[in-house]
*Asks:* 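Can you keep this structure in mind? I'll have questions shortly.
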Amino acid sequence: MNRYSTHTCQELRTSHEGETVRLSGWIHRQRDHGGILFIDLRDAHGVTQVVVRPDRDCFEETKHLRVESVITVTGKVCHRPEENINEKIPTGEVEVIVDELEVQSSAEILPLQVADENDVPESMRLKYRFLDLRRESMQKKIMLRSQVIASIREQMQTMDFMEIQTPILTKSSPEGARDYLVPSRVHPGKFYALPQAPQQFKQLLMVSGFPRYFQIAPCFRDEDARADRSPGEFYQLDMEMAFVEQDDVFEVIERLMTHLFDKYSDWPVTETPFPRIPYREAMMRYGSDKPDLRIPFEIQDVSEIFKESDFRVFRSAVEQGGVVRALPIPETEGQPRSFVDGLEAFAKENGARGLAYVVFPKGGGKLKGPVAKYLGEAELEKLKQLPGCGEGATCFLLAGAENFVAQLAGRLRVEIAKQLDRFEKNVYKFCWIVDYPMFEQEEETGKIEFSHNPFSMPQGGMDALLNKDPLDILAFQYDIVCNGVELSSGAIRNHRPDIMYKAFEIAGYDNSVVDKQFGGMIRAFQFGAPPHGGIAPGVDRIVMMLADETSIREVIAFPMTPGAEDLLMDAPSEVSPEQLKELHIRLELPKPKKQKNAPQKTEPGTSPSSATS
RNA sequence: GGGGACGUAGCUCAAUCGGUUAGAGUACUGGACUGUCGAUCCAGUGGUUGCGGGUUCGAGUCCCGUCGUCCUCGCCA
């Protein structure tokens with residue numbers, strides 16, 4: 001007989017009656033009736049009730065075992081009497097009458113309960129993650145993650161993609177997020193960087209003649225966390241294809257996403273092809289480049305209506321080159337005053353001076369709202385006719401500079417949907433955001449910068465770079481978005497050195513900078529590079545959506561806190577002086593801050609390249 | 001770095017307008033019980049109300065500071 005188990009804790013049925021079996025697992029719950037002891041024994045597969053009777057040697061010892069102790073029991077499978085069947089568990093018709101019980105590992109008093117999935121502070125869960133992971137909900141999520149990753153590999157292989165590993169210790173690159181640096185022992189004063197993504201390597205693989213590459217790739221970025229963004233590290237399905245256009249990439253990803261979301265969720269998924277929304281249109285209609293299409297209302301431009309309005313606030317906004325945008329919300333007439341007050345406070349927190357709105361009562365009664373009296377009949381009627389507006393609706397109005405208004409209206413749209421719970425439920429709404437601008441102007445300095453990825457091919461190629469206003473040039477750059485979560489960015493890459501140099505020149509970098517920072521890639525492009533493009537969906541985010549979670553940490557086995565700490569391993573930590581010496585590093589720590597605005601005196605010892613934004 | 005919310009027993013929460021000995025569930029310890037399955041019943045242990053200061057006759061409650069946690073903005077090629 002196997003030393004630890006003959007069956008799992010979810011296998012036994014009435015057909016096993018009379019067999020002598022062995023089970024190992026954790027004590028999930030214990031019920032002590034004095035003369036008889038019931039233990040729910042749990043393993044990764046399920047729970048089986050085992051019964052200890054007082055005539056067994058182990059009876060007294062067993063009574064004092066705490067939950068979550070690990071035991072091995074040997075005994076006979078018995079059919080439970082009709083009245084004692086537990087229909088809640090698959091093994092509920094049987095139980096194991098214990099002959100022998102071996103304690104493999106006894107448990108201390110638990111800092112958090114495994115069997116009761118009550119709320120526990122996340123810091124506690126992370127510190128005792130090994131206990132937290134035992135809970136059924138976490139087991140399911142980690143299992144789901146495993147299956148999703150397996151399916152991704154299977155699908156990608158089926159579509160003739162090759163999985164290829166790329167280096168983890170690599171070169172710091174000046175653009176993008178802050179790098180995690182690794183000091184070199186062999187080369188004093190030099191550092192490796194952990195890759196923010198295998199971007200350059202995958203492009204090199206295209207040049208190397210592997211036309212379909214993928215990798216479940218760890219990515220490292222030293223940036224602050226969000227609910228849907230893990231600090232430090234995360235995983236991407238990194239992929240790249242040679243001799244493709246944008247639609248070819250879309251087709252592969254749509255096929256993959258549809259497969260994953262159909263397989264691992266019951267919710268309906270957007271039919272392929274997913275809608276393609278140009279960036280500027282997304283900013284107009286949703287005030288965001290990751291629009292949540294489950295929200296049934298949209299932003300509308302009403303600058304025309306107010307161009308010659310008597311209401312000076314709106315008119316002057318338009319005259320000064322700004323815009324007026326409307327966000328009509330149907331069926332809100334009955335909302336309490338606190339609704340609009342709360343939203344006004346929200347708008348102010350986000351930098352607005354105020355929040356104008358008009359309520360159109362049902363039956364055509366007197367209009368409500370602070371600006372109603374300043375607006376003319378014709379203007380009000382036009383607002384009322386807007387799609388989504390009309391009787392019973394509240395029409396919010398925002399005026400000012402276009403980018404600001406668009407963004408604020410977008411945030412307001414999501415906030416209102418949250419407050420009124422107006423999301424379409426149990427559905428996955430995908431879309432592509434396409435036609436990102438190649439460059440953007442930094443507001444303070446007026447400097448032209450890459451708006452997304454410097455490796456994207458500008459639409460129109462060299463001709464566009466030479467002849468168009470940089471701010472009008474679009475890139476073959478795209479995002480895929482699901483329910484307001486950005487799953488991925490990608491692009492058709494710029495594989496032409498001449499176009500690359502020119503693009504960087506527009507962003508203010510001369511050729512030598514390009515050669516220095518991206519020398520490997522530029523050199524590769526001079527020896528015959530195929531046109532190529534790709535994308536890199538976030539694996540954690542995909543699993544998060546499939547698990548219907550809003551925090552990415554729920555689908556990562558050992559996540560860091562938003563403060564970039566691992567509470568279980570206690571990382572980051574100090575290292576020994578010997579280790580530092582070997583790495584040629586001397587610490588210069590900031591003063592412990594006592595009062596506010598403590599003067600910053602420390603400068604990084606070396607600053608190899610000036611990081612752009 | 002900025003803003004917001006929160007912080008009471010190991011954990012989840014309660015405590016009237018600032019009022020007298022800070023309660024309950026769970027966990028833990030002991031006891032009772034031979035058919036439970038979130039077992040039940042009895043008893044017990046467990047608290048510097050995050051920390052520091054202030055206001056007050058009196059502070060878990062009000063004020064200031066600080067620390068921690070989460071959310072968010074900046075940031076995320």
Side-chain angles (χ1 to χ4, degrees), chain A residues 28-41 47-55 59 63-64 66-68 78 80-89 91-92 95 97 107-128 131 173-179 195-197 199-200 219-231 234 345-346 348-351 407 411 414-415 436 449-456 475 477 486 489 491 504 507 517-518 536 538 550-551 553 561-563 565 567 593-597 600 611-613:
Chain A
H28 190 60
R29 283 204 169 88
Q30 192 169 165
R31 291 172 294 281
D32 179 356
H33 283 248
I36 187 168
L37 199 54
F38 299 100
I39 292 171
D40 291 342
L41 190 66
V47 172
T48 300
Q49 172 163 288
V50 304
V51 183
V52 186
R53 295 196 183 278
D55 55 351
F59 185 73
K63 272 183 136 172
H64 296 282
R66 293 201 191 90
V67 288
E68 296 305 312
C78 288
R80 295 201 208 179
E82 192 65 36
E83 65 274 19
N84 291 335
I85 288 173
N86 181 2
E87 289 171 3
K88 290 181 194 163
I89 53 175
T91 59
E95 59 195 4
I97 310 296
E108 297 290 322
I109 296 169
L110 302 174
L112 60 87
Q113 298 303 306
V114 173
D116 290 341
E117 295 217 13
N118 56 355
D119 282 344
V120 172
E122 194 174 12
S123 55
M124 183 73 60
R125 292 177 55 201
L126 294 178
K127 183 168 178 186
Y128 298 97
L131 285 177
S173 81
E175 87 300 339
R178 278 183 292 272
D179 285 318
Q196 298 185 22
Q199 181 65 37
Q200 294 190 55
C219 303
F220 306 89
R221 294 176 194 176
D222 183 6
E223 290 300 329
D224 291 336
R226 286 290 180 278
D228 63 356
R229 196 168 81 203
S230 184
F234 59 95
F346 178 84
K348 283 181 175 169
E349 278 166 30
N350 283 280
Q407 237 180 63
R411 282 177 192 166
V414 173
E415 179 64 22
Y436 276 83
E449 295 185 327
F450 289 109
S451 69
H452 240 71
N453 181 328
F455 308 127
S456 301
Q477 165 84 43
E486 182 197 313
S489 274
F504 272 90
Q517 296 299 342
F518 310 109
T550 51
S551 168
R553 295 186 294 278
T561 63
E565 284 178 298
L567 299 178
K593 54 175 177 180
K594 266 282 177 273
Q595 69 267 36
K596 261 190 164 179
N597 300 327
Q600 270 211 345
T612 60
S613 71

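Order of the sequence lines sets the chain letters (A, B, ...), proteins ahead of strands, with each chain counted from 1.
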*Asks:* Just jot down the side chain to side chain contact (heavy atoms under 4.5 Å, CB included) partners of A/D224, sequence neighbours excluded, or say none.
*Replies:* none
*Asks:* Evaluate the side-chain proximity of A/L567 to A/S123: yes if any heavy-atom separation is below 4.5 Å, no if none is.
*Replies:* yes
*Asks:* B/rG53 and B/rA27: how far apart are their P atoms, nearest whole angstrom?
*Replies:* 38 Å
*Asks:* Starting at OG of A/S456, measure out to OH of A/Y436 and round the result to the nearest 0.5 Å.
*Replies:* 11.0 Å
*Asks:* With sequence neighbours left out, what residues match A/R125 under salt bridge (Lys or Arg N to Asp or Glu O under 4.0 Å)?
*Replies:* A/D132, A/E554
*Asks:* Test of understanding: with salt bridge (Lys or Arg N to Asp or Glu O under 4.0 Å), list the residues that count as partners of A/R221, not counting sequence neighbours.
*Replies:* none
*Asks:* Can you give one letter per nucleotide of nucleotides 31-39 of chain B, going 5' to 3': B for a protein heavy atom under 4.0 Å from the base, S for sugar-phosphate only, - for none?
*Replies:* --BBBBBSB
*Asks:* Provide the distance between the two P atoms, one in B/rC37 and one in B/rU26, to the nearest whole Å.
*Replies:* 14 Å
*Asks:* Round to the nearest Å and state the distance from A/D228 atom CG to B/rU72 atom P.
*Replies:* 7 Å
*Asks:* My understanding is that only residues two or more places apart in sequence, or in another chain, count here; which of them pass ring-ring contact (aromatic ring centres under 6.0 Å, His included) with A/F234?
*Replies:* none
*Asks:* Checking A/E68 side chain against A/V114 main chain: does a donor-acceptor pair fall under 3.5 Å?
*Replies:* no
*Asks:* Can you tell me how far C1' in B/rC6 sits from the matching atom in B/rG60, rounded to whole Å?
*Replies:* 15 Å
*Asks:* Please state the C1' separation for the pair B/rU21 and B/rG68 - nearest whole angstrom.
*Replies:* 31 Å
*Asks:* So what's B/rG68 paired with, Watson-Crick or G-U wobble, going by both distances under 3.5 Å?
*Replies:* B/rC6
*Asks:* Can you tell me the Watson-Crick or wobble partner of B/rC37, both distances under 3.5 angstrom?
*Replies:* none
*Asks:* How about A/N84 and A/E95: do any of their side-chain heavy atoms sit closer than 4.5 Å?
*Replies:* no
*Asks:* Using atom CG of A/D222 as one end and atom P of B/rC75 as the other, report the distance to the nearest whole Å.
*Replies:* 16 Å
*Asks:* Residues in side chain to side chain contact (heavy atoms under 4.5 Å, CB included) with A/E415, at least two apart?
*Replies:* A/L343, A/F346, A/Q419
*Asks:* Which value, in whole Å, describes the distance between the C1' atoms of nucleotides B/rU16 and B/rU61?
*Replies:* 11 Å
*Asks:* List for me each residue that meets salt bridge (Lys or Arg N to Asp or Glu O under 4.0 Å) alongside A/R178, sequence neighbours excluded, and say none if there are none.
*Replies:* A/E223
*Asks:* Map A/F455 and A/I109 onto RNA chain B by nearest heavy atom, then report which one ends up closer to the 5' terminus.
*Replies:* A/I109
*Asks:* State the pairing partner of B/rA59; accept Watson-Crick or G-U wobble contacts with both distances under 3.5 Å, and report none otherwise.
*Replies:* none
*Asks:* Run the salt bridge (Lys or Arg N to Asp or Glu O under 4.0 Å) test against A/R31 and tell me which residues pass, sequence neighbours left out.
*Replies:* A/D40
*Asks:* Looking at A/R229 and B/rC76, is any side-chain donor or acceptor paired with a base atom of the opposite kind under 3.5 Å?
*Replies:* yes
*Asks:* Can you measure A/Q113 atom CD to B/rC28 atom C1' for me and round it to whole angstrom units?
*Replies:* 10 Å
*Asks:* Mind checking the P distance from B/rU66 to B/rC28? Whole angstroms is fine.
*Replies:* 41 Å
*Asks:* Round to the nearest Å and state the distance from A/Q477 atom CD to B/rC76 atom C1'.
*Replies:* 14 Å
*Asks:* B/rC76 P sits how many Å from A/F234 CZ, rounded?
*Replies:* 13 Å
*Asks:* For B/rA24, give the paired nucleotide (Watson-Crick: N1-N3 plus N6-O4 or O6-N4; G-U: N1-O2 and O6-N3; both under 3.5 Å), or none.
*Replies:* B/rU12
*Asks:* Rounded to the nearest Å, what distance is computed from the CZ atom of residue A/R178 to the P atom of nucleotide B/rG1?
*Replies:* 11 Å
*Asks:* Please produce a list of atom pairs where a protein N or O lies less than 3.5 Å from an N or O of nucleotides 68-71 of chain B.
*Replies:*
from	atom 1	to	atom 2	distance (Å)
B/rC70	O3'	A/R553	NH2	3.2
B/rC71	OP1	A/R553	NH2	2.7

*Asks:* Figure out the CD/P separation between A/E68 and B/rA27, and round it to whole Å.
*Replies:* 13 Å
*Asks:* For A/A115, report the nucleic acid contact type (base, sugar-phosphate, nothing); a contact means any heavy atom under 4.0 Å.
*Replies:* nothing
*Asks:* B/rU34 and B/rC70: how far apart are their P atoms, nearest whole angstrom?
*Replies:* 49 Å
*Asks:* Using the C1' atom on both, measure B/rG35 against B/rU40 and round to a whole Å.
*Replies:* 13 Å
*Asks:* Using purine N1 to pyrimidine N3 plus N6-O4 or O6-N4 for Watson-Crick, or N1-O2 and O6-N3 for G-U wobble, both under 3.5 Å, which nucleotide pairs with B/rU29?
*Replies:* B/rA43
*Asks:* If I take atom CG in residue A/D224 and atom P in nucleotide B/rC75, what distance separates them, rounded to the nearest angstrom?
*Replies:* 12 Å
